[in-house]
Protein chains: 2
Amino acid sequence: MSPDMTASMEDYLESIYILNERKKHVRVKDMARQMNVKPPSVIEALKSLEKKKFVIHEPYGYIELTEEGLKMAKRIYKRHKNLKNFLSCVLCLDERTAESDACRIEHHLSKETLERVMGFMAFMDENQGKNKNAAMFRDFNVYFKSFGNR
Amino acid sequence: MSPDMTASMEDYLESIYILNERKKHVRVKDMARQMNVKPPSVIEALKSLEKKKFVIHEPYGYIELTEEGLKMAKRIYKRHKNLKNFLSCVLCLDERTAESDACRIEHHLSKETLERVMGFMAFMDENQGKNKNAAMFRDFNVYFKSFGNR
DNA sequence: TAAATATATTAGGCTTCCCTAATTTTGTCA
DNA sequence: TGACAAAATTAGGGAAGCCTAATATATTTA
């Protein structure tokens, strides 16, 4: 994504974005809970994100995304969503598994592959209404179910 | 996989296995080249793998897998291969991209998802001969190509 | 408003995984 | 076989990410 954004920093950034959707203000405590880390780890991450100009955070205050940070976070979030949908759609995974797996691999896919995933989802959308490919997915589903889905 | 196998250690183990297929003897130098790291990193990894009883390596000697190590390496390798095939098959990725992406995400997928990937590949194998689903994949391919494949 | 509680921050430490530079061992060949 | 080259190893260090314990600030409440 950005040259010097690590997987971990992407996660922290995404977490701010997601929390912002739900609550008016984002706090260290919230991020810590969501990311499953302790507050000092959040502080450390925030410092790094501030240095990169993605986040504004005055000591003891709320956490905000800069314009750049928001743009980046949206891209990361979209990527995440697409990946999750792809997994749950193609592999018939339940929501929870698709979610957590998407979370772990989203940072590690090439631009190329991500484009294909997006393309695949677009393809699915375009063709779902027309009921094309329905037979194939029915077959997949039956097959998956047969060896222990859910 | 194994509780205390990191992604990195899995890669080192896999690399020994792959090199063993090609050459009679595996050396530090070979691993370093293949893994794109410097020799001291290999040495360090080998020590860790020895402690886990996956590798036997007497100083300045060749590198060998234990029985356990071989079992583990085979599992890792199979997982890798399946993932690679899945990516290249479903997303119509070229070999190189499928290979390197598989490499990066193989450590991060849940048991559940890996089972599905394996299942998907089995499904494909079973149905390829019967020429089921052919229309769907043709469609995918056309679609992918249309927005800039290769 | 003062004490108690909650939250945030700092300090310092640990592990993993990589590195460079220096040293040791092994292998080669004149 | 002795010198040189190649390979392996050790020593030591750095970045990333996490942690706990201690401290500072903010918020709540009696």
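Lettering of chains follows the sequences in order, A, B, ..., and the numbering in each one begins at 1.
- One interatomic measurement links the two molecules: CZ of A/R104 to C1' of D/dG17, which rounds to 18 Å at whole-angstrom precision.
- Per the geometry, CD belonging to B/E50 stands 9 Å off P belonging to D/dT9, to the nearest Å.
- Ring pair A/Y62/A/H25 is parallel by interplanar angle, where below 30° counts as parallel and above 60° as perpendicular.
- In this structure, A/D11 atom CG and D/dA16 atom P are separated by 16 Å, rounded to whole Å.
- Sparse packing is recorded around CD of B/E58, with 12 or fewer heavy atoms of other residues, nucleotides or ligands lying under 6.0 Å away.
- Following rounding to the nearest Å, A/K38 (NZ) and C/dT9 (P) show an atom-to-atom distance of 17 Å.
- Electrostatic pairing of B/K84 and B/E95 counts as a salt bridge here, judged by a charged N lying under 4.0 Å from a carboxylate O.
- Mapping B/L46 and A/A45 onto DNA chain D by nearest heavy atom places B/L46 at the nucleotide closer to the 5' end.
- Between the CG atom of A/L49 and the P atom of D/dG17 there is a distance of 10 Å, given to the nearest Å.
- Using a distance-only test at 3.5 Å, with no hydrogens or angles considered, no donor-acceptor pair links the side chain of A/S15 to the main chain of A/M31.
- The pair A/R96-A/E99 does not meet the salt-bridge criterion, since no charged nitrogen lies less than 4.0 angstrom from a carboxylate oxygen.
- Between A/R33 atom CZ and C/dT7 atom P the separation is 10 Å, expressed in whole Å.
- Rounded to whole Å, the distance from CE on B/M35 to P on C/dC19 is 10 Å.
- Each of B/L49, B/I56, B/V26, B/I16 was evaluated against B/L65; a single residue qualifies, B/I16, per the side-chain contact (heavy atoms from CB on, under 4.5 Å) test.
- With a 6.0 Å radius and a threshold of 12 heavy atoms from other residues, nucleotides or ligands, A/E67 has its CD atom at or below the threshold.
- The separation between A/I43 atom CD1 and D/dA16 atom P is 18 Å, rounded to whole Å.
- Applying the salt bridge (charged side-chain N to carboxylate O under 4.0 Å, His left out) test between B/D30 and each of B/R22, B/K23, B/K24 identifies B/K23 as the sole match.
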Contact list (N/O, under 3.5 angstrom) for nucleotides 22-24 of chain C vs protein:
none

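- Salt-bridge annotation for A/E10 and A/R79: present, with a side-chain N of the basic residue lying under 4.0 Å from a carboxylate O of the acidic one.
- Listed in residue order, the members of residues 24-32 of chain A having a heavy atom less than 4.0 Å from DNA chain C are A/R27, A/V28, A/K29.
- Regarding contacts with the backbone of D/dT10, a side-chain N or O of B/K47 is found under 4.0 angstrom from either OP1 or OP2.
- Contact annotation: B/H57 does not reach the phosphate of D/dA8 (side-chain N/O to OP1 or OP2, under 4.0 Å).
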**Complete:** Its contact letters, B for base, S for sugar-phosphate only and - for none at protein heavy atoms under 4.0 Å, make nucleotides 12-17 of chain C read -----B

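- A salt bridge is defined here as a Lys NZ or Arg NE, NH1 or NH2 lying under 4.0 Å from an Asp or Glu carboxylate O, and A/K71 with A/E68 meets this definition.
- Distance alone, capped at 3.5 Å, is enough to place a donor-acceptor pair between the B/D101 side chain and the A/S110 backbone.
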